[in-house]
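The block underneath contains the structure these notes are about, expressed in structure tokens.
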Amino acid sequence: MSGTTQRYFISYAGVDRSWAEWVGYHLEANGHQVMLDVWDWRTGDDFVQRMDEGLEQADAVVALFSKSYFERGRWTGDEWSAVVARRDRIIPLAIEPLTNRDIPPMLATRVRKDLHGLDEQSAIAALLAAVNGGGRPISPPPFPGAPATPQRSSSPPPYPGTATATTAAAAAPAKPDQPKTGTA
């Protein structure tokens with residue numbers, strides 16, 4: 001999906017309007033089309049009809065998850081319920097810290113992207129990663145099993161002939177290419 005224009009319907013609680021406009025602006029700035037009620041609906045429009053049209057025309061719904069978004073009686077419940085019922089794509093973006101207990105069970109298992117707590121550039125990157133989906137690497141990832149570096153002792157080696165040196169030599173295994181010497 002990356003690099004293609006997508007149409008997004010932004011679903012949010014009224015108190016989160018500033019987040020909705022911020023998300024909508026950055027989606028449009030990156031070549032996508034956005035349906036946002038405060039930008040596209042006029043006074044006198046039928047709210048339910050416009051919402052149905054927006055959901056029908058969208059490639060995906062960007063849902064701004066907050067505690068307000070999940071309050072009983074909000075229209076947002078009708079929006080996400082319709083999307084889930086039609087098995088349309090929903091892109092959950094958490095705009096405040098939430099636990100799975102804060103989110104209805106049918107949405108709690110959805111992978112979501114956090115925008116809260118990030119600086120603006122990181123939040124833009126997270127938003128675009130969420131709408132564009134994952135991607136395969138274009139170069140090999142670094143090898144995760146780097147060889148262990150030899151441990152260096154901070155103390156000097158024992159002086160030859162001392163009890164510590166004799167004990168260390170006896171405990172050390174013979175090298176495979178040398179015969180083991182000493183008394184058994």
Side-chain angles (χ1 to χ4, degrees), residues 1-139 141:
M1 220 180 301
S2 181
T4 62
T5 297
Q6 295 288 300
R7 293 177 308 230
Y8 295 108
F9 180 90
I10 300 178
S11 175
Y12 67 100
V15 297
D16 300 324
R17 177 180 173 174
S18 60
W19 271 106
E21 291 191 83
W22 182 88
V23 165
Y25 174 84
H26 287 287
L27 289 175
E28 285 192 345
N30 282 276
H32 299 291
Q33 296 173 6
V34 171
M35 167 72 72
L36 183 60
D37 61 352
V38 294
W39 291 354
D40 298 308
W41 301 352
R42 297 187 338 225
T43 302
D45 283 352
D46 183 316
F47 176 83
V48 174
Q49 179 184 357
R50 293 296 297 204
M51 184 175 69
D52 285 343
E53 289 169 357
L55 291 171
E56 184 65 34
Q57 295 169 4
D59 294 310
V61 173
V62 173
L64 302 183
F65 283 16
S66 68
K67 289 180 180 158
S68 296
Y69 188 80
F70 296 114
E71 285 178 358
R72 289 187 165 279
R74 287 203 174 269
W75 276 100
T76 56
D78 293 334
E79 293 168 13
W80 60 258
S81 296
V83 171
V84 170
R86 291 189 342 213
R87 291 182 167 65
D88 289 339
R89 183 168 175 233
I90 186 167
I91 303 168
L93 302 174
I95 57 172
E96 67 183 30
L98 298 169
T99 67
N100 283 348
R101 288 189 305 266
D102 298 321
I103 301 170
M106 68 178 7
L107 293 176
T109 59
R110 301 284 178 135
V111 176
R112 61 186 176 268
K113 191 69 90 170
D114 290 340
L115 298 185
H116 63 86
L118 302 176
D119 63 69
E120 187 169 13
Q121 291 307 308
S122 297
I124 293 169
L127 167 64
L128 297 178
V131 299
N132 292 329
R136 303 253 186 245
I138 57 173
S139 63

**Message:** Any donor-acceptor pair under 3.5 Å linking the side-chain atoms of Tyr12 with those of Ser68?
**Reply:** no
**Side-chain touch Asn30/Leu127, heavy atoms, less than 4.5 angstrom** = no
**Item:** Partner residues of Glu21 under the side-chain hydrogen bond (donor to acceptor under 3.5 Å, both in side chains) criterion, sequence neighbours left out
**Value:** Arg17, Trp39
**Item:** Straight-line distance of Thr109 OG1 to Ile103 CD1, nearest 0.5 Å
**Value:** 9.5 Å
**Request:** To the nearest 0.5 Å, tell me how far Asn100 CG sits from Arg112 CZ.
**Result:** 5.0 Å
**Request:** Please answer whether the main-chain N or O of Glu96 pairs with a side-chain N or O of Ser66 as donor and acceptor at a distance below 3.5 Å.
**Result:** no
**Request:** Report the distance from atom CG of Leu93 to atom CG of Asp114, rounding to the nearest 0.5 Å.
**Result:** 9.0 Å
**Request:** Please assess Arg110 against Ile90 for the test side chain to side chain contact (heavy atoms under 4.5 Å, CB included), listing each intermediate value before the final yes or no.
**Result:** CA-CA 9 Å; Arg110 301 284 178 135; Ile90 186 167; 3.2 Å; yes
**Item:** Nearest-0.5 Å distance, OG of residue Ser11 to CG of residue Asp37
**Value:** 9.0 Å
**Prompt:** Does Arg50 reach the main-chain N or O of Asp40 with its side chain, forming a donor-acceptor pair under 3.5 Å?
**Reply:** yes
**Request:** Please work out whether the ring planes of Tyr8 and His32 are parallel, tilted or perpendicular, with thresholds of 30° and 60°.
**Result:** perpendicular
**Request:** Not counting sequence neighbours, list each pair that qualifies as a salt bridge (charged side-chain N to carboxylate O under 4.0 Å, His left out) and has a residue in residues 6-15.
**Result:** Arg7-Asp59
